[in-house]
Amino acid sequence: MATSGDTGGAVADAFYKVEGTEVIILYPSKKVSPVQEKQLTALGENIHALEVNGDFDDCQRLVKMAFTDNELKKKIFLTSANSINISRWLSQQIYYALAVAQWKETQAPVFAVPSGNFGNICAGLLSQKSGLGIKHFIAACNKNDVFTRYLQSGVYEPTHSYSTISNAMDVGNPSNFVRIMELYKNNYTELKQHISSSSFNDASTETTIERVYQDLNYLLDPHTAVAYLAMESWINLHPSDKGIILGTEHPVKFPETVEKIIQKQIEIPAQVKSIMKKEKKSILVEANYELVKDLIIQLTNE
């Protein structure tokens, strides 16, 4: 599987020492936080981390090439645990339903979703299509604004990804874009009725983390801060609306970034301290499919 920082850690923990399963995680070298990297690399056993000299889009491209490699598929059974696999975001519909079930307003909520590979918001859009009472979606993006630009122009122009402090959203060519378009039968006009998008740079994200901490005594992580900004912008234009912001990260994963902003140390949970003491175990590899393919075969047959 490919990860931009978060799904890999969750999958590693979920499948650690599961019999008959070998987990191979491709992540972009030097483009995840130190805490995220330890969550990906410190377990060992059946968890194998490939540190790719490239960005998340390179990792995702390599994984997709593996799934179309008939020779490889004859040797091993492959499946993916990130949002390339539709099962991942089908199950994500549940927390949209739980959120709406707790909604006390008469008017349906607007959802602001931190968006990178767009699996999360895909789940929300599908739940809305299935009848869940959601008024509108905002795809909250950082400098990687391919979807924001698409909604402005009607032209989809994927590009290389940019590194930001909200790194799990650093995706230049979201794989779930085609699924979103399929949900709306490639009808650009209909799509825009259900989803908007805003993008914000690191400086705005940092300012928001500081402001919300000072004003509300609530500590946002960089990803949720982008969604907070997106919701704020929406409410300014639509003052009668109310909404829900999805918090997809935790500030303890980004202590250096967050502590610099608020000028204060944050409390690190014991389980995070524990994993930070463990040894990093990864294989540095170029973004070359044949090299990665050889490693997949080797690691699954050890």
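Here, residue 1 is the first one in the sequence, and each next residue gets the next number.
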Would you mind reporting whether D58 and N53 have side-chain heavy atoms less than 4.5 Å apart? no
Rounded to the nearest 0.5 Å, the CD atom of E71 sits from the NZ atom of K73 at a distance of 12.5 Å
For A42 and I275, the nearest pair of non-hydrogen atoms, with its separation, is CB-CG1, 4.0 Å
Worksheet entry | Same apolar cluster (I L V M F W Y, side chains within < 4.5 Å links), Y218/L246 | no
Residues at least two apart in sequence or cross-chain that pass salt bridge (charged side-chain N to carboxylate O under 4.0 Å, His left out) with D13, listed by chain then number, are none
- Query: Any side-chain donor paired with an acceptor under 3.5 Å for N144 and D170?
  - Reply: yes
**Study point:** S80 and N85 side chains, donor-acceptor separation under 3.5 Å
**Key:** no
Contacts of D241 meeting salt bridge (charged side-chain N to carboxylate O under 4.0 Å, His left out) (sequence neighbours excluded), chain-then-number -> K135
Across all chains, not counting sequence neighbours, the side chain to side chain contact (heavy atoms under 4.5 Å, CB included) partners of R179 are I86, W89, C122, N176
Between the CE atom in M169 and the NZ atom in K143, the distance rounded to the nearest 0.5 Å is 14.0 Å
Side chain to side chain contact (heavy atoms under 4.5 Å, CB included) filter on S199, not counting sequence neighbours, yields C141, D145, T148
Hits for salt bridge (charged side-chain N to carboxylate O under 4.0 Å, His left out) against E286, two or more places apart or cross-chain, chain-then-number order -> none
Residues 185-204 vs salt bridge (Lys or Arg N to Asp or Glu O under 4.0 Å), sequence neighbours excluded, gives K129-E190
**Asked** Does a donor on one side chain and an acceptor on the other come within less than 3.5 Å for N167 and Q36?
**Response** yes
> Do E279 and K281 pass the side chain to side chain contact (heavy atoms under 4.5 Å, CB included) test, and can you show the C-alpha distance, the side-chain angles, and the key distance before you say yes or no?
Replying inline: CA-CA 6 Å; E279 179 187 358; K281 300 172 184 175; 4.2 Å; yes
Side chains of Q107 and K242, heavy atoms from C-beta outward: is any pair under 4.5 Å? no
Practice problem: Please determine if D55 and K31 form a salt bridge, counting it only when a charged side-chain N lies under 4.0 Å from a carboxylate O. | Solution: no
So does I297 get a backbone contact from the side chain of N301, meaning a donor-acceptor N/O pair under 3.5 Å? yes
Set out, in order, the CA-CA distance, both residues' side-chain angles and the distance that settles ring-ring contact (aromatic ring centres under 6.0 Å, His included) for F147 and Y156, then state yes or no. CA-CA 7 Å; F147 189 72; Y156 184 64; 8.1 Å; no
For this session: Mind telling me whether Y188 and Y150 have parallel, tilted or perpendicular rings, with 30° and 60° as the class edges?
Result: perpendicular
Salt bridge (charged side-chain N to carboxylate O under 4.0 Å, His left out) filter on E206, not counting sequence neighbours, yields none
Separation between CG (L237) and CH2 (W234), nearest 0.5 Å, reads 8.0 Å
Joining Ile, Leu, Val, Met, Phe, Trp and Tyr whenever any side-chain heavy atoms lie under 4.5 Å apart, the cluster holding L98 also takes in I94
Sorted by chain and residue number, the ring-ring contact (aromatic ring centres under 6.0 Å, His included) partners of Y162 (sequence neighbours excluded) come out as H160
Open item on the list: Using ring-ring contact (aromatic ring centres under 6.0 Å, His included), reason through H194 and Y184 one step at a time and then give a plain yes or no.
Closed with: CA-CA 10 Å; H194 295 274; Y184 294 95; 5.3 Å; yes
For L62 and N288, the nearest pair of non-hydrogen atoms, with its separation, is CD2-C, 3.9 Å
Exercise. Would you indicate whether the side-chain heavy atoms of L220 and P251 approach each other to under 4.5 Å?
Key: no
Begin with the C-alpha distance, continue with both residues' side-chain angles, and end with the deciding distance and a verdict on side chain to side chain contact (heavy atoms under 4.5 Å, CB included) for L72 and L78. CA-CA 9 Å; L72 181 61; L78 291 174; 3.9 Å; yes
Using the rule that Ile, Leu, Val, Met, Phe, Trp and Tyr join whenever any side-chain heavy atoms are under 4.5 Å apart, tell me whether F254 and M276 fall into a single cluster. yes
When rounded to the nearest 0.5 Å, the distance separating CD1 of I24 from CD of Q298 is 9.5 Å
Do H136 and F111 pass the ring-ring contact (aromatic ring centres under 6.0 Å, His included) test, and can you show the C-alpha distance, the side-chain angles, and the key distance before you say yes or no? CA-CA 6 Å; H136 196 76; F111 273 86; over 10 Å; no
Q | Side-chain donor or acceptor of H223 paired with backbone N/O of A168 under 3.5 Å | A | yes
d(I180 CD1, I121 CD1) to nearest 0.5 Å is 6.5 Å
Shortest non-hydrogen pair, T257 vs P222, comes out as CG2-CG, 4.3 Å
Does a salt bridge link E259 with K264, judged by any charged N lying under 4.0 Å from a carboxylate O? no
field: Test side-chain hydrogen bond (donor to acceptor under 3.5 Å, both in side chains) applied to N173 and Q60, step by step
entry: CA-CA 9 Å; N173 187 12; Q60 186 160 253; over 6 Å; no
K38 side chain vs K278 backbone, donor-acceptor pair below 3.5 Å
yes
### Message
Using side chain to side chain contact (heavy atoms under 4.5 Å, CB included), reason through T3 and V32 one step at a time and then give a plain yes or no.
### Response
CA-CA 9 Å; T3 185; V32 300; 5.9 Å; no
Grouping ILVMFWY residues whenever side-chain heavy atoms fall under 4.5 Å, the cluster of V171 otherwise contains F56
Using distance alone, with no hydrogens and no angle criterion, decide if S166 and N142 have a side-chain donor and acceptor under 3.5 Å apart. yes
Task: N-O pairing of E232 and R211 below 4.0 Å - done: yes
Practice prompt. Look at the side-chain heavy atoms of Ile, Leu, Val, Met, Phe, Trp and Tyr, link any pair under 4.5 Å apart, and say whether I165 and L219 land in one connected group.
Written response: no
4.5 Å side-chain heavy-atom contact, I283 and L299: yes
With sequence neighbours left out, the residues meeting ring-ring contact (aromatic ring centres under 6.0 Å, His included) with Y27 are none
Quick one about N236 and S233 (side-chain donor to acceptor, distance below 3.5 Å, no hydrogens or angles considered), yes or no? no
Test item: S115 and N120 side chains (from C-beta on) under 4.5 Å apart, heavy atoms: no
Exercise for the section: Go through the side-chain N and O atoms of S282 and E51 and say whether any donor and acceptor fall under 3.5 Å apart. Expected result: yes
Hits for side chain to side chain contact (heavy atoms under 4.5 Å, CB included) against V18, two or more places apart or cross-chain, chain-then-number order -> F15, T21
- prompt: Would a 4.5 Å heavy-atom cut-off, applied to side chains only, mark E210 and D215 as touching?
  reply: no
_Residue pair I25, L50: steps toward the side chain to side chain contact (heavy atoms under 4.5 Å, CB included) verdict_ = CA-CA 6 Å; I25 302 169; L50 302 187; over 6 Å; no
Requested in this report: Find out whether D57 and S161 are in side-chain contact, i.e. whether some heavy atom of one side chain is under 4.5 Å from a heavy atom of the other.
Outcome: yes
Taking side chain as C-beta onward, heavy atoms only, is E22 less than 4.5 Å from N46?
yes
